[in-house]
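Working notes, structure below.
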Amino acid sequence: MAIVDNGIYVDGVRTENPGSLTETFELMHERGGLGWIGLYRPSEEEIRQVAAEFGLHELAVEDALTGHQRAKLERYGDTLFLVLRPARYLDDVEEVEFGELHVFIGANFVVTIRHAETPSLKRVRERLEADPGLLALGPEAVLYAILDEVVDEYSPVLAGLENDIDEIEAQLFIDESDVTQRIYALSREVVDFQRATQPLSDMLESLLRGSEKYQVELELQRYLRDVLDHTLKVSGTAATFRTVLDSALTVESTIVARRQNEEMRRMTHESIRQGEEVKKISSWAAILFAPTIVAGIYGMNFDEMPELHWLFGYPMAICLMLAMGGALYLVFKKRNWL
């Protein structure tokens with residue numbers, strides 16, 4: 001069943017606990033009061049049943065059916081339609097999970113359609129039921145409490161994001177640490193968080209501007225201003241986070257570029273060192289190869305080979321090999337190959 005909670009309130013006190021939408025509508029017609037219907041992922045039939053009873057605008061109903069809406073506030077006659085983007089921080093995966101809450105506010109009814117686990121509207125209902133004086137101010141009091149709960153639940157999200165940013169800043173200057181991907185992922189979360197929170201300030205300011213026209217109680221106006229102050233702080237903190245992450249990404253890019261330059265220099269030095277070694281090896285190979293040619297030729301023992309039977313042939317061959325090796329040594333030494 002999509003109905004999470006369903007109650008009728010008279011002068012801020014819960015008087016009825018209907019078991020179905022039909023019973024809720026009948027009791028509201030018979031006894032009056034404020035009807036507060038809480039739905040969790042309702043079916044299309046249930047949404048259209050509520051829409052038909054309270055005369056909800058088709059465009060707002062279509063948004064509620066479709067889901068995946070941006071945070072916004074729209075007025076259709078005497079009915080307010082709000083889309084809120086609550087959020088919660090998941091410690092186990094270090095990610096921000098965004099939900100979606102649709103709220104219809106009329107002269108004598110409040111309908112909430114929740115598409116995620118957050119926010120806990122049970123806490124909102126318990127808070128208002130414990131304060132009949134506030135709840136007696138009407139549907140606007142429920143709207144205030146819902147907005148206040150959504151904004152309050154942003155605080156743990158900011159704390160989680162701040163902790164992640166602190167971890168990134170600590171890892172930035174650790175050797176062999178590459179946090180580019182994490183910085184980018186966290187930046188996307190902060191951007192999504194800004195998209196969820198930034199419209200709230202405009203929505204609250206719009207509600208406050210229309211307070212006199214729609215005769216909103218002065219006390220409620222004060223409460224709404226307090227929520228607006230908290231919202232502006234949340235938006236400011238999120239903007240600061242984005243600036244810090246942009247700076248962290250710039251620093252990380254600089255560090256990565258420096259590491260790449262150092263690696264290139266190391267590879268260049270290594271290549272030069274290897275080249276020097278190759279030159280030395282080649283030089284000694286050439287020096288040793290020259291005597292080998294002489295030794296190879298005279299090792300053939302042909303009968304008609306010059307100097308073969310000469311008394312000084314052997315010393316001459318030895319001297320020739322030493323001379324060729326020495327000459328090559330001097331040439332390579334002069335060219336700094338040795």
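Fair warning: this is a prediction, and the values are worked out from it, not measured in the lab. Note: hydrogens, waters and symmetry copies are ignored here, and every other heavy atom, side chains too, is used. For this chain, numbers begin at 1 and follow the sequence in order.
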Sidechain-backbone polar pair: Ser271 side chain, Thr268 backbone, donor-acceptor under 3.5 Å: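 Between the backbone of Thr268 and the side chain of Ser271 there is no qualifying donor-acceptor contact (under 3.5 Å).
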Side-chain donor or acceptor of Gln221 paired with backbone N/O of Val216 under 3.5 Å: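 Yes.
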Stepwise side-chain contact (heavy atoms from CB on, under 4.5 Å) test for Val50 and Ile113: CA-CA 11 Å; Val50 171; Ile113 301 175; over 6 Å; no
Group every Ile, Leu, Val, Met, Phe, Trp and Tyr by side-chain heavy-atom contacts under 4.5 Å, then state whether [X] and [Y] land in the same group.
| X | Y | answer |
| --- | --- | --- |
| Leu59 | Leu65 | yes |
| Leu172 | Val190 | yes |
| Val251 | Leu245 | yes |

Would you call [X] and [Y] a side-chain contact if the rule is heavy atoms closer than 4.5 Å?
| X | Y | answer |
| --- | --- | --- |
| Ser187 | Leu249 | no |
| Leu186 | Leu161 | yes |
| Trp36 | Val124 | yes |
| Leu228 | Leu232 | yes |
| Leu21 | Glu53 | no |
| Thr22 | Glu26 | yes |
| Leu56 | Val111 | no |
| Leu84 | Leu200 | yes |

Ring center gap for His102 and His115 short of 6.0 angstrom: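 Ring-ring flag for His102/His115: true, centres closer than 6.0 Å.
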So, taking the atom named [atom1] in [X] and the one named [atom2] in [Y], what distance separates them when rounded to the nearest 0.5 Å?
| X | Y | atom1 | atom2 | result |
| --- | --- | --- | --- | --- |
| Leu204 | Leu147 | CG | CG | 5.5 Å |
| Leu207 | Leu73 | CG | CG | 5.0 Å |
| Leu143 | Leu220 | CG | CG | 9.0 Å |
| Leu134 | Glu129 | CG | CD | 12.0 Å |
| Arg48 | Ser43 | CZ | OG | 11.0 Å |
| Arg123 | Leu128 | CZ | CG | 13.0 Å |

Shortest non-hydrogen contact between [X] and [Y], atoms and distance:
| X | Y | value |
| --- | --- | --- |
| Tyr154 | Ala87 | CE2-N, 3.9 Å |
| Thr79 | Phe104 | CG2-CD2, 4.5 Å |
| Leu34 | Pro139 | CD1-CG, 3.7 Å |
| Ile37 | Leu39 | CG2-CD2, 3.8 Å |
| Gln69 | Glu100 | N-OE2, 3.0 Å |
| Gly38 | Thr112 | CA-OG1, 3.4 Å |

Exceeds 12 heavy-atom contacts within 6.0 angstrom, atom [atom1] of [X]:
| X | atom1 | result |
| --- | --- | --- |
| Asn261 | CG | yes |
| Gln181 | CD | no |
| Asn108 | CG | yes |
| Glu262 | CD | yes |
| Arg182 | CZ | yes |
| Lys233 | NZ | no |
| Glu277 | CD | yes |
| Glu270 | CD | yes |

Worked check of side-chain contact (heavy atoms from CB on, under 4.5 Å) between Glu162 and Asp166: CA-CA 6 Å; Glu162 183 176 16; Asp166 290 341; 4.1 Å; yes
Member of Arg188, Gln194, Glu189 meeting the side chain to side chain contact (heavy atoms under 4.5 Å, CB included) criterion with Asp192: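 Going through Arg188, Gln194, Glu189 one by one, the side chain to side chain contact (heavy atoms under 4.5 Å, CB included) with Asp192 is satisfied by Arg188 alone.
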Residue among Met28, Glu30, Glu23 satisfying side chain to side chain contact (heavy atoms under 4.5 Å, CB included) with Ile8: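 The option that passes is Met28.
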Tyr89 side chain to Asp164 side chain, donor-acceptor N/O pair below 3.5 angstrom: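 A donor-acceptor contact under 3.5 Å links the two side chains.
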Identified salt bridge (Lys or Arg N to Asp or Glu O under 4.0 Å) partner of Asp5 from the options Arg14, Arg114, Lys122: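 The passing option is Arg14.
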Stepwise side-chain contact (heavy atoms from CB on, under 4.5 Å) test for Ile165 and Phe241: CA-CA 8 Å; Ile165 292 173; Phe241 287 170; 3.6 Å; yes
Geometric class of the Phe109/Phe54 ring pair [parallel <30°, tilted 30-60°, perpendicular >60°]: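 Parallel.
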Cation over ring face, Arg75 and Tyr214, 6.0 Å, 45°: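 Relative to the ring axis of Tyr214, which defines the angle, Arg75 lies inside both limits.
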